[in-house]
Amino acid sequence: MKVTLTGTGSPIPDPNRAGPSTLVQCAGQNILIDCGRGVAMRLAAAGVPVPFLSAILITHLHSDHITDLNDVVTTRWILTPEATPTVVYGPPGTQKVVDGMMAMLTPDQKYRHDHHADLRSGPGMQVVVHEVSPGDEFKIGDARVIVGRTDHRPVTPTIGFRIEAEGKSVVLAGDTVPCSELDDLCRGADIYVQTVLRPDLIELVKQFVPALASRSNDILDYHSSVEDAAKTAARAGVKTLMLTHYVPAMQPGQEADWLALATPHFTGKIVLGPDLTAAEA
Ligand SMILES: [Zn+2]
Ligand SMILES: [Zn+2]
């Protein structure tokens with residue numbers, strides 16, 4: 001099982017960090033979790049071009065986590081020799097978002113149909129959406145996926161995923177504060193991937209940009225801090241903690257500072273770094 005951070009950024013545009021997304025490769029499957037800014041480019045860099053994706057899992061419908069879903073769907077359609085539907089699993093509301101996205105893509109579909117006979121004769125650009133809720137389970141090939149509740153209120157519904165295959169397990173928590181359901185989902189996992197922020201750095205941002213102080217305060221109460229993620233990892237007894245979705249963006253040379261916040265709370269392996277940082281279980 002290999003987990004690659006295909007995007008470690010956040011809603012804040014960064015020259016070096018794509019928006020949030022993670023690639024899980026296991027049991028012959030390429031499973032993408034979330035579709036942030038630039039994901040198709042990072043998938044190419046990871047050696048898994050978009051047509052080779054098995055399925056896409058969406059943790060929640062915040063823009064930074066879905067902004068490039070349209071790119072993935074279109075790219076997959078036009079680059080797959082014999083197109084098959086893109087399969088998306090997400091929380092309730094995903095179908096409505098995908099319907100709107102498909103409406104947005106209508107002109108492009110027509111242009112390509114008009115120009116490419118082989119695209120016209122194929123099944124077309126199709127997305128099969130499965131809306132899933134906490135407690136649901138499903139299979140992607142031989143990989144088993146368990147859906148868990150997360151807490152990113154007032155954003156709701158939000159879900160996390162536990163993927164199990166070949167005796168290994170990874171949890172993709174998405175944006176959430178610590179909660180007992182997340183602990184349960186993570187219990188004993190080989191790898192736990194958590195989106196995090198740094199309240200201490202956000203405090204500095206507030207001082208430099210007072211006009212954004214109120215908005216900066218708002219984001220603190222519905223994300224895990226680095227310390228929170230480390231404590232969740234320890235409570236759940238995971239082997240490896242992967243941190244991603246760095247808010248604010250982790251600058252080169254700051255890695256040790258971020259690690260130092262986590263290590264007092266979690267003695268397992270901690271992985272963080274630039275886009276395409278990977279861990280194996
Ligand atoms: Zn979010
Ligand atoms: Zn986010």
Side-chain angles (χ1 to χ4, degrees), residues 3-24 32-40 42-43 56-72 88-94 96-98 100-101 131-134 147-161 170-179 181-182 185-186 192-199 201-202 205 212 214-229 232 241-250 258 272-275 277:
V3 180
T4 305
L5 303 177
T6 39
T8 59
S10 72
I12 307 160
D14 186 272
N16 300 309
R17 295 187 186 276
S21 72
T22 306
L23 175 69
V24 174
L32 181 68
I33 296 84
D34 290 338
C35 283
R37 181 186 296 131
V39 64
R42 289 295 187 266
L43 284 171
I56 299 165
L57 315 183
I58 302 291
T59 60
H60 65 302
L61 299 169
H62 250 155
S63 60
D64 53 320
H65 294 251
I66 59 167
T67 186
D68 273 18
L69 179 60
N70 67 87
D71 189 19
V72 169
V88 175
Y89 294 85
T94 302
K96 191 175 176 195
V97 167
V98 168
M101 182 188 85
E131 294 191 343
V132 292
S133 296
V147 183
R149 188 185 311 280
T150 54
D151 185 354
H152 189 39
R153 287 173 289 173
V155 181
T156 183
T158 61
I159 51 179
F161 300 97
V170 56
V171 172
L172 297 306
D175 293 352
T176 179
V177 293
C179 59
E181 292 94 337
L182 177 62
L185 193 67
C186 289
Y192 156 48
V193 183
Q194 180 62 62
T195 68
V196 290
L197 48 65
R198 286 266 306 261
L201 297 182
I202 290 169
V205 172
L212 286 177
S214 141
R215 221 170 294 167
S216 300
N217 272 337
D218 292 340
I219 67 172
L220 293 172
D221 66 6
Y222 72 168
H223 286 100
S224 285
S225 66
V226 174
E227 295 92 329
D228 287 337
T232 296
L241 166 64
M242 289 186 91
L243 302 177
T244 189
H245 187 290
Y246 311 119
V247 183
M250 187 167 61
W258 287 65
L272 46 70
D275 286 7
T277 293

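Just so you know, ligand 1 is whichever comes first in the structure, and atom 1 is the first atom listed for that ligand. Model, not experiment: these values are computed from the prediction.
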**Request:** List nothing but the number: protein N/O/S atoms under 2.8 Å from the Zn ion (ligand 1).
**Result:** 4
**Asked** Do any N or O atoms from the side chain of Asp64 and from the backbone of Ser10 form a donor-acceptor pair under 3.5 angstrom?
**Response** no
**Request:** Would you please classify the geometry between the His223 ring and the His152 ring as parallel, tilted or perpendicular, with 30° and 60° separating the classes?
**Result:** perpendicular
**His65 and its side chain to side chain donor-acceptor pair (under 3.5 Å) partner, picked from Thr195, Thr158, Asp175** = Asp175
**Prompt:** Among Thr6, Asp275, Thr8, which one satisfies side chain to side chain donor-acceptor pair (under 3.5 Å) with Ser21?
**Reply:** Thr6
**Request:** Could I get the full list of side-chain contact (heavy atoms from CB on, under 4.5 Å) partners for Arg37, not counting sequence neighbours?
**Result:** Pro13, Thr67
**Test item: side-chain donor near acceptor, Asp151 and Thr176, under 3.5 Å** = no
